[in-house]
Each structure stands twice: as structure tokens, then as C-alpha cells.
Amino acid sequence: MVLFLLCTISIIEVFSASSMLTYKGGNYLSPIIKHAATIICGIFMAVLILNIDCRYFKIATVFLLFISFFTLIYVLLWGKAENDASRWIGFAGFQFQPSELAKGTLVLATAQVLSAMQTENGADKKTMKYILYLTVPFLVLIAGENLSTAVLLGAVILMMMFIGHVPMRQIGKLLGVIMIGVVAIFTFVMVVGDEEEANSKQQLTEKTVSANGNGGEVKKKRGGILHRADTWKERIKDFLNSKEVPPEEYDLAENQQVGYANIAIASSHIVGKMPGNSEARDFLPQAFSDFIYAIIIEEMGIWGAAIVALLYIILLFQSGRIAARCANKFPAYLVMGLALLMVTQALFNMAVAVGLAPVTGQPLPLVSKGGSSTVFCCIYIGAILSVSRSAKQRDDISDNRKKKPAYETVETN
């Protein structure tokens, strides 16, 4: 039901937020037909996955790791550059984002390592070492072009290690190393990044978005990771700038995304304008993708935004119930990892839309218009349902279900 409701909200809001695509394409049904086809494809994959016994997921781990690593290398060298980053691989007219495959693959591999290394007193002391050997190379490859995805995935893996009873002392040391790394990256970005270069690329991208409704293809003017440092510095400075700017002095041309997102939220007047009546959608870049939560607030008000957030909370809560019923560790860790992956990404997206986090480019899972992101999120849901259907349950739960009568007999005199 959570999948059904989120997909329904997605179709309605993407149709409403795609006015720019409709205007430029000359066909008001084309954007929503493509999006609905993507959702149908994703649901088909979810149904396919949920009918596979979850114990067979382990067999696919090695193959998925190999494919993920190869595609991440390929996208860095020959990937299609959009929105100032090489994140896409074009194939037979379709675009594929390798980082989406890598996210689910690393969660699957981490769940397998955690389950294999469990002892009577929690995870073995070598567990963290094996997980880091496995995940760090992938995170480094992802971070070069998509730092926010690498941070999100790293946070999920860290939470999985906590759930998997990795010694707290080791987790504390890892957090210390992470903090040092964050300071080092922050210093590097602030020293190397060029705001003028970032502003010129941002304006070029937004002009292309206005022209064709998609992320524009932007040529890299600086080699390696330096071209992303420009964008990161500009986003960090915009977020940390606490100076209040009067509306008449705010430069919408320089920061369209944040400015029009704030306008959309402020103009909702709590109750919303109702679906189809958004005004900010005609000016907000990526209104149908990264900032669709702002359009949801504008059209459906606070109650609509709360319902969407509640659906993700229900997803996490129900996944926790499924994991608690599992007799084996692997399916339990897998379910929690996939649920945390989607819910954490949703929180990231919502925080960006309401101004509580810097712009990251993370879509709202199962709601934002997207191709590979939507399909893979449906696959994650299918994997969770597969565990619910096929994983062995704990003996106490199975016994209680067998003993529980189908109906109660009422005795009368």
C-alpha cells in the first residue's frame, strides 16, 4: 500500500510539475506517459523480485559487485555529463545511473558480511575491516561525481553496522576518522573551489533546463574532481550564509532552485492550492525531480507534506517488523538496509526542499520523476516483500501463529 500510494502521488505531482516539459515538447501527455511507463516497469520488477526466494539473493552478490564496479569505472571515463557531473550511461536510447545499482549492491553485500560474522557476543571484531575493504572503493568512485550519494550510502552502511552489533568502540573510532575526513574535504573544497566557475556552470545548466526541461549537458572546464569542488563550494556557502536578504533584493537569477522552492512553500498558505494549481513549477528548475517536495507542499499544503513523510515512516516501521520476524540474520539486515537507504534519501530530499540542508540533487524515492532511480526503488520494495514472504520466521512467532485460533467460540447458557 505504501508503494501504491507513493506511486499515485508521484503520477499526480509529476504531471502537475512537468509544465515546462509539456510546453517545450508540445504534448501535455508525453511526460506523464513516460513516467507512468517507468513506474509500471518498476512495479513489474518488484513483482518479479518478490517471487524469488530471498536466500537466492546471496548468489547474485558477487555478480552485482563486479557489474557495479565496472559501470562506475566506465561512467567516470566515458559517462554522459549532465548537471555538471558524469553520472549516466546511455544504452539503446535509455539512460542508466550506475550509482543506483551500486547502492543496493553494497547494502546486499554488507548484510551478507554482517550475517556471516555474527557470534554469541555480537559481530566479530574483524567485521568492520571486511566491510570497509568492500565498500570504501565503491564510495570513492561514487564520491568523485556524486558526493551526496556517497555520503548517503556511507551513512546507511554505518547504521547497518550499528544494527549488526559491530563493537561500539570500533564504530566510535570510525566516526572520529570520518570527522577528520569531513574537515579535510571541507578545507579542500573551500580552498580549491571557484565560485565564479560554479555560477557560470549553474546558469548554463538552468538555461538548458529552461530550454528542454532536463538536466543540461555541461562540458567540464576543469579536470578531475576540481570541477565538482566549484559546485560544492558554492552550495556550502549558500547554505551557511545566514544573512537575511529582503525579498526585493534576492537574486533569483543566481539561485533559482532555493529561491523558487521557498516561494512555493510560502505561497501554499498551509492548506495548499490543490493539485494542478502550482505557480512555482514554471520557474523552479527540476520541479518534477529534486524539488518535487516543494511543489507537493505548494499544492497539497502541510497536510499533504505530512502524509508523504508519514508514508516513509510507515515503510521504515513495517520493514522493522519484517526484520524482527526473521529467524536468520541475513534477510533481517537486508530489509533494514534497503529501508534505511530509501528513507534516509527521502529525508535528505525533504530537508533540501525546505532549506534545512544544502542542495544535493537527491530525488525523492518513488515520487520524483526518474528512470533508474524509480525502477531500483521498486526493486528494493520487491526485495523487502520477498523477505516477508519467503524468509524463515522465528520459532516463537511461528508457534504463536499456529496456536492462534481462526475464530473464537462463544459459549452460551
Side-chain angles (χ1 to χ4, degrees), residues 61 65 68 99 102-144 146-191 225 232 235-236 239-240 312-313 315-317 319-321 323-324 326 328-352 356-358 360 362:
T61 304
L65 285 171
S68 298
S99 60
K103 288 193 295 185
T105 300
L106 289 186
V107 168
L108 175 63
T110 302
Q112 196 162 337
V113 173
L114 285 172
S115 63
M117 300 294 292
Q118 290 298 311
T119 65
E120 295 181 358
N121 300 319
D124 188 271
K125 293 182 179 180
K126 297 180 180 180
T127 305
M128 177 178 286
K129 179 176 68 174
Y130 293 145
I131 292 176
L132 293 179
Y133 286 161
L134 184 65
T135 59
V136 169
F138 287 87
L139 295 179
V140 171
L141 289 175
I142 295 172
N146 200 342
L147 180 61
S148 60
T149 297
V151 172
L152 167 69
L153 184 55
V156 170
I157 292 172
L158 186 63
M159 287 186 282
M160 289 182 68
M161 287 193 288
F162 177 78
I163 295 172
H165 304 290
V166 172
M168 290 301 299
R169 194 171 189 178
Q170 292 183 344
I171 293 179
K173 292 180 180 179
L174 179 60
L175 288 173
V177 173
I178 291 173
M179 292 303 299
I180 295 174
V182 169
V183 173
I185 293 174
F186 181 83
T187 304
F188 170 79
V189 169
M190 300 309 289
V191 171
I225 198 173
W232 295 338
R235 289 177 175 178
I236 291 172
F239 178 71
L240 295 179
Y312 290 107
I313 294 174
L315 172 62
L316 183 61
F317 176 75
S319 299
R321 292 187 61 188
C326 294
N328 300 317
K329 298 295 185 182
F330 168 70
Y333 294 148
L334 176 61
V335 165
M336 289 308 301
L338 293 176
L340 286 169
L341 183 63
M342 289 185 287
V343 174
T344 305
Q345 182 174 326
L347 292 176
F348 257 55
N349 179 278
M350 295 178 192
V352 169
L356 296 179
T360 60
Q362 291 295 325

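Shown here for Leu134 and Ala109, the closest heavy-atom pair between the two residues is CD2-CB, 3.3 Å. Here the shortest heavy-atom pairing between Ser319 and Val335 reads O-CG1, 3.3 Å. Between Met160 and Ala111 the shortest heavy-atom distance is CE-N, 3.7 Å. Taking every heavy atom of both residues into account, Ala102 and Ile142 meet most closely at CB-CD1, 4.0 Å. Shown here for Gly164 and Gln118, the closest heavy-atom pair between the two residues is O-NE2, 2.9 Å. Between Thr127 and Ala123, the shortest heavy-atom distance links the atoms OG1-CB, 3.6 Å.
Shown here are the side-chain hydrogen bond (donor to acceptor under 3.5 Å, both in side chains) partners of Gln362, two or more places apart in sequence or in another chain: Ser148, Thr149. Ala332 is linked by a side-chain contact (heavy atoms from CB on, under 4.5 Å) to Ala323, Cys326, counting only residues two or more places apart in sequence or in another chain. With sequence neighbours excluded, the residues that form a side-chain contact (heavy atoms from CB on, under 4.5 Å) with Val136 are Leu132, Val140. With sequence neighbours left out, Thr105 forms a side-chain contact (heavy atoms from CB on, under 4.5 Å) with Leu64, Leu65, Ser68, Leu101. Shown here are the side-chain contact (heavy atoms from CB on, under 4.5 Å) partners of Ala351, two or more places apart in sequence or in another chain: Leu356, Ala357. Listed by chain and residue number, nothing satisfies the ring-ring contact (aromatic ring centres under 6.0 Å, His included) test with Phe348 (two or more places apart in sequence, or in another chain).
The OG1 atom of Thr61 sits 3.5 Å away from atom CG of Leu108, with the distance rounded to the nearest 0.5 Å. Rounded to the nearest 0.5 Å, atoms CG (Leu153) and CD (Gln345) are 10.5 Å apart. Once rounded to the nearest 0.5 Å, the distance linking CD1 of Ile313 with CG of Leu347 reads 8.0 Å. In this structure, CD1 in Ile131 is found 11.5 Å from CD in Gln112, a value given to the nearest 0.5 Å. With rounding to the nearest 0.5 angstrom, the OG atom of Ser99 is 11.5 Å from the CG atom of Leu141. Distance check, rounded to the nearest 0.5 Å: CG of Asn349 to OG1 of Thr344 gives 12.5 Å.
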Tell me which donor-acceptor pairs under 3.5 Å the side chains of residues 165-180 have, and how far apart each pair is, sequence neighbours excluded?
from: Gln170; atom 1: NE2; to: Lys125; atom 2: O; distance (Å): 2.9

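Side-chain N or O atoms of Asn328 include none that pairs as donor or acceptor with a backbone N or O of Phe330 at under 3.5 Å. For Thr110 (side chain) and Val107 (main-chain N/O), no donor-acceptor pair under 3.5 Å exists by modelled atom type.
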